[in-house]
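One structure is given below, encoded as structure tokens.
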Amino acid sequence: MKNTIAVLDYGSQYSQIIARRVREAQVYCELFPWNATSETVMALEPRGFILSGGPNSVYAPGAPTLPEYILQSGLPVLGICYGMQLLTTHFGGVVARGTEREYGYAEVEIDTANPLFPAGRQKVWMSHGDRIEVLPDDFTVLGHTANSPYAFMAHRHAPYYGVQFHPEVNHTENGRAFLEAFVRQVCGTEPDWTPQSIIEASIENIRRQVGSRRVLSAVSGGVDSSVATALVHRAIGDQLTAIFVDNGLLRLNERELVEQAFRKNMGVDLHVEDAEEAFLTVLRGVTEPEQKRRIIGETFIRIFEIRARELGKPDFLVQGTIYPDVVESAAPDRQQAARIKSHHNVGGLPEDMKFELVEPLRYLFKDEVRAVGEALGLPSELVWRQPFPGPGLGVRCLGELSKARLDTLRAADAIFTGELESSGLMKTRERSGSAQAFAVLLPVRTVGVMGDERTYDEVIALRAVETDDFMTADWTQLPHDFLARVANRIVNEVQGVNRVVYDITSKPPGTIEWE
């Protein structure tokens, strides 16, 4: 594969979004820690490099540096924010703390014709405290903002570009076109990264890894595990056995939906394990979210190990781990970003796990996963299902878990998501809308009045967000009459709830899930 781009990660929470934008241009790319060896990065045979932003100052002691092989390669380079500042200091320019920080929207004035941005004013997204004070020799300024005189620069002779803003985020006007122009025109790549090419490469990789050995799939019924299972089934057929663990932390009627989807639609050998009592027993009294995740992950695997012995000890376990899971868990291969939370798929596995993992979606974003699922022929209702965390309702039922509290949450969640579906407010391939929506049960009791009597019941929080990549998200501005209808139904139909609130926090600063 020669139509590739290497992205060097300097710790920005937007680094994965850069990779996603390059993929959207149908060009394959991979993200590497900035200090990865040249042999590791150059094995990709990249046609160009993108240097991400990051939280450090280039002039600080011990700050990440620009590897020598990047410029020695002679390939095009795009530096974003911190990456731009690295280019600046390398070529003799000066970076210093700005007199004013720029966070949020800004307008960049394009001063010079260039292949990346059209002339005129462009609305961009800034997130920096440092700025370039002295432009390096052999560079020319292409654009500026009110607070950044050198917000966009280019080398006079080499294909090196630097921008102070973030073209990868949705907030930057024409940001996608900017990155596509860099990877296509400047780097000279061809658009050959498509769902079909992903499937073909995945099948080849799965067969190479697995050989003729047996594989067990961890099925949850969510989009990721469904597509991962379908990919592995397409690659190795009857070598795959799928197990669905009913852990008591599922949404309403989830078990029935999963059984129908996998047995009827995919023809997969599916075994269902009723483990509600086992999970609730080990979770009794646990309230700390990371502890919940660890317990759920370990219990999940132990049950798999028991069933695996009954099925002849398969060597591999399929998991639907995707890029955002890896990012937010700050896995060992990406230590530059701060840890946000562990994920069931990547952070909760016991150290003595007896399976080797097969993770065919590990380097795919959610939209790519859905596209692959459709290309595999999975039913639309399965591909466009709402994302569901590995620990299930265990991290949406805040505080101590019990069957009664989980049943309360299930009922409220079904009302909320059902109303969204019937009102056409949920995102599908054909329409925009909420990409993820769910209810959260809070361990908070409030006073209420129902039927002229005092109540002292729990609170349901509703969460709905709009997003393409799940790395950033905006809260969905649902109609007031819709929220009123949902709140009224929940309070009247769900026992033990007397108050409903709506979460209007975007990501960042919040996360999509509450725990």
Side-chain angles (χ1 to χ4, degrees), residues 217-226 228 243-252 254-255 257-258 273-305 317-322 324-331 339-351 353 355 357 359 361 366 385-410 412-413 417 436-443 461 463 465 470 503 507 510-515:
S217 180
V219 173
S220 70
V223 177
D224 304 332
S225 71
S226 298
I243 294 180
F244 173 65
V245 177
D246 183 352
N247 57 12
L249 307 173
L250 305 173
R251 292 168 289 192
L252 192 66
E254 187 106 42
R255 177 171 173 168
L257 289 170
V258 168
E273 186 76 18
D274 189 349
E276 179 181 43
E277 184 176 349
F279 275 86
L280 292 182
T281 297
V282 295
L283 287 166
R284 187 173 295 127
V286 178
T287 59
E288 203 279 320
E290 287 297 282
Q291 189 179 0
K292 284 182 184 178
R293 289 176 181 274
R294 288 191 295 270
I295 291 172
I296 292 169
E298 182 164 350
T299 305
F300 177 80
I301 292 298
R302 294 309 179 208
I303 290 172
F304 259 72
E305 288 180 329
L317 173 65
V318 179
Q319 284 200 321
T321 308
I322 64 174
D325 297 340
V326 178
V327 174
E328 295 193 350
S329 298
R339 178 188 174 102
I340 299 172
K341 62 183 178 181
S342 67
H343 278 258
H344 168 72
N345 283 342
V346 296
L349 300 177
E351 293 181 2
M353 186 188 68
F355 302 104
L357 293 182
E359 298 176 302
L361 312 179
K366 180 69 74 172
R385 290 196 70 194
Q386 286 282 290
F388 196 52
L393 298 183
V395 291
R396 292 181 179 174
C397 185
L398 278 56
E400 185 173 358
L401 304 178
S402 68
K403 189 177 189 311
R405 294 190 75 228
L406 288 164
D407 285 342
T408 295
L409 177 55
R410 264 187 279 269
D413 183 77
T417 56
Q436 187 169 4
F438 53 89
V440 178
L441 181 61
L442 307 183
R463 179 75 159 142
V465 298
F470 293 85
D503 183 352
K507 176 186 179 181
T511 56
I512 294 177
E513 298 288 344
W514 276 49
E515 287 189 341

For a quick test of reading the model, state the closest non-hydrogen atom pair linking [X] to [Y] and the distance between them.
X	Y	value
Arg251	Glu254	NE-OE1, 2.8 Å
Ala437	Thr417	O-CG2, 3.6 Å
Ile296	Phe279	O-CE2, 3.7 Å

With [X], which residues qualify under side chain to side chain contact (heavy atoms under 4.5 Å, CB included), at least two apart?
X	value
Thr287	Glu400
Thr408	Leu441, Val494, Val497
Ser225	Ser220
Glu277	Thr281

Quiz item: Can Arg463 and Trp514 be said to form a side chain to side chain contact (heavy atoms under 4.5 Å, CB included), step by step?
Solution: CA-CA 9 Å; Arg463 179 75 159 142; Trp514 276 49; 4.3 Å; yes
Has the side chain of [X] got a donor or acceptor atom that lies under 3.5 Å from a matching backbone atom of [Y]?
X	Y	result
Arg405	Leu398	yes
Arg293	Glu515	yes
Asp413	Ala439	yes

Quiz item: Listed by chain and number, what are the salt bridge (Lys or Arg N to Asp or Glu O under 4.0 Å) partners of Asp407, not counting sequence neighbours?
Solution: Lys403, Arg410
Quiz prompt | With Glu276 via salt bridge (Lys or Arg N to Asp or Glu O under 4.0 Å) - residues at least two apart | solution = none
Is any side-chain heavy atom of [X] less than 4.5 Å from a side-chain heavy atom of [Y]?
X	Y	value
Asn247	Phe300	no
Ile301	Leu317	yes
Leu249	Leu401	yes
Asp503	Val440	no

Return all side-chain donor-acceptor pairs below 3.5 angstrom for residues 387-397, not counting sequence neighbours, or 'none' if the list is empty.
unit_1	atom_1	unit_2	atom_2	d
Arg396	NE	Glu513	OE1	3.0
Arg396	NE	Glu513	OE2	3.4
Arg396	NH2	Glu513	OE2	2.7

Quiz prompt | Listed partners of Glu273 passing side-chain hydrogen bond (donor to acceptor under 3.5 Å, both in side chains), at least two apart | solution =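 Per chain and number, Glu273 pairs via side-chain hydrogen bond (donor to acceptor under 3.5 Å, both in side chains) with Arg307.
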Exercise. Could I get the full list of side-chain hydrogen bond (donor to acceptor under 3.5 Å, both in side chains) partners for Asp274, not counting sequence neighbours?
Key: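 Residues passing side-chain hydrogen bond (donor to acceptor under 3.5 Å, both in side chains) with Asp274: none at all.
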Exercise. Could you tell me the separation between the NZ atom of Lys507 and the CD atom of Gln436, rounded to the nearest 0.5 Å?
Key: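 Here the interatomic distance stands at 9.0 Å.
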